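One structure is given below, encoded as structure tokens.
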Amino acid sequence: MKAQSLYKIPSTIADNALVTDAQYKKMYQESIINPNGFWREHGKRIDWIKPYSQIKKTSFDAHNLYIKWFYDGTLNASANCLDRHLQHDEHKLAIIWEGDDANKQRNLTYSQLHQQVCQFANALLSQGVRRGNVVTIYMPMIPETIVAMLACARIGAIHSVIFGGFSPDSIAARIIDGASKVVITADEGVRAGRTIPLKNNVDEALAHPDVQCVEKVIVMKHTAGPINWVNDRDIWWESLITTASKHCPFEEMAAEDPLFLLYTSGSTGSPKGVLHTTGGYMVYAAMTHEYVFDYKKDDIYWCTADVGWITGHSYMVYGPLANGATILMHEGVPNYPSPSRLGEMIDRHKVTTLYTAPTLIRSIMAEGKDKFSHFDGCSLRILGSVGEPINPEAWRWYHEVIGKQACPIVDTWWQTETGGILITPLPGATETKPGSATRPFFGVQPAIVDNQGTLLEGKSEGNLVILDSWPGQMRTIYGDHDRFILTYFKTFNGMYCTGDGAKRDEDGYYWITGRVDDVINVAGHRLGTAEIESALVAHPHVAEAAVVGYPHDIKGQGIYAYVTLNTGVKEDEPLMQELIRWVRKEIGSIASPDLIQWAPDLPKTRSGKIMRRFLRKIAANEITQLGDASTLADPSVIDALIVTRLNK
Ligand code: WTA
């Protein structure tokens, strides 16, 4: 690994930081040596109805797995995000909202948000939603989405938020898996000047013959665009809350009661419903938000993630609101109508903390620095990155053009499954190296193992695992605990397998190298290649398909599909376009292949297993470094694929 430049902590940050390097080292050590004592103290940052006396009860042994935190305590997540701020901060802004059209602005104080959540919680109760029920939320980036999530949490219902970019088929699969009786949506969403037919997508999903569970669809009027209406099933949000009481006591939930489900892609099978529980998740989300972003009371905190992803859950909703922060929520994309939108929004709202994804940085970087010539940026203190490895070039651009060389960058590594950030710099404690997620957060024990599961010491490269539990960890895959154990704890028994590769350098800093399984990361969106392959194979003309990621300048990874057609079907451009539309319909626009290559045959072993490593190399145009092809049943397949690739 070549020597990397170290970025020092700016003195303006170091002087007021919550944690210095010495404190980090002391606290980290304590968190590992005495986890019960450490978390007993830090669990107190959350308001408990009945305080816990038990702290950590966890085992990563695949034959005897259990994960429980603060497990005799009771609490309510919505009360932690709202009620506890009312005494001192009722007039403080909780949400500053800006629409896709920048002329649309709304602000909500903590007391207004509290009132709306209480009313909507009563509305849900009036529709028969009860503690433990799963409620599906398919909404745009508007404050009502947060209201809906917190209203579920208030009455003990489990929310399952679906990203607005998913198709009716994907919505249907998630609704069926969660057996959801109620769906909350809006007429339409708006993104980069285009409307997204949310209600129509829900209608189509519910027309699926296997969706039998849904009784009510609650519709928020957002754009007032045209929609269909199903009497007796559809209800306007507005009409429900006008009669709803503004008082709604919160349910007393056990620490290990479920808070939400969030579906994410794995390397095999359909997306899994990652289940997070209440106590440990809230402690971990709030604590990481405070320390990682060096949170100060007057911060204006902007996380650009969609609420439909885990980043939106932990670092737009639960973490910041538990800490009483003011968040900026934006409906559109930060590079529309022009790349300067990001800078304009930072200046307009005096944003202090920006948390975004490398793909956005690369896309605005491609437009040139001059788009930021009017950008002031003096309000900014901390910059964050999440979702995929950030290439050093983008890191430096972020540091220089957005951060004016005065803001530390926290490159935060974590996953839907981990609930919160696991490896990250702390602004006042960690000198940074562009491209490195640096050091573990408190209580987190990362390690690197080889493919046999042997722990590698010192400077090394291999599979990233975590050796012991942390409070924000997922507890199960909804309805499939065996799959949970198999996916995360069987590969290397006794360790949580992340599915990522990593290097550790001479300073003990971690560098995430990307997925080691068949998951790809496209513009920070996580997709299983198996899902895209099944979508392609479901097309009547497709015999077989193999999907791999390939390097993409803006998205990090693009989707490259090798498709074998049924005998007699013509390989032509219109069919290629049709297949792209088909995948979009089956999964959603985020899964559209960037490139399709016709493959009369796929490279397979004698036992019929597709050798993806060749397909990855060919897609990446690394044709001179293919490696040993002798295990292939028919090595000439490779030559044919190379010729077609070169002609593309
Ligand atoms: C990748 C998003 C490098 C990684 C929070 C992980 C990253 C997957 C980083 C999880 C980072 C996330 N550096 N890679 N800072 N953050 N990843 O579940 O491959 O959508 O396993 O959670 O994103 O994606 P997910």
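Counting starts at 1 for both ligands and their atoms, in listed order. Since the structure is predicted, the reported quantities are computational estimates derived from the model, not experimental observations. The chain is numbered in sequence order, starting from 1.
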Does the structure place the NZ or CZ of Arg174 under 6.0 Å from the centre of the six-membered ring of Phe166, at an angle of no more than 45° from the ring's axis?
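Flagged: Arg174 positioned over aromatic ring of Phe166.
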Hydrogens and angles aside, do Thr424 and Tyr291 bring a side-chain donor and acceptor to less than 3.5 Å of each other?
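Judged by distance alone, the side chains do not pair up.
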For the CD1 atom of Ile421 and the OG1 atom of Thr311, what is their distance to the nearest 0.5 Å?
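Reported to 0.5 Å precision, the distance equals 8.0 Å.
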Residues in the immediate environment of ligand 1 (any heavy atom closer than 4.0 angstrom)
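Within the 4.0 Å shell of ligand 1, which is judged on heavy atoms, sit Ile310, Thr311, Val386, Gly387, Glu388, Pro389, Asp411, Thr412, Trp413, Trp414, Gln415, Thr416, Asp500, Ile512, Arg515, Asn521, Arg526.
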If a pair satisfies ring pair (Phe, Tyr, Trp, His ring centres under 6.0 Å) and one of its residues is in residues 512-536, list it, with sequence neighbours excluded.
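For residues 512-536: Phe163-His525, Trp309-His525.
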So does Gly458 get a backbone contact from the side chain of Ser460, meaning a donor-acceptor N/O pair under 3.5 Å?
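Side chain of Ser460 to backbone of Gly458: a pair is present.
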Qualifying residue for ring-ring contact (aromatic ring centres under 6.0 Å, His included) with Tyr355, from Phe293, Tyr398, Trp302, Tyr295
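By the ring-ring contact (aromatic ring centres under 6.0 Å, His included) criterion, Tyr355 pairs with just one of Phe293, Tyr398, Trp302, Tyr295: Phe293.
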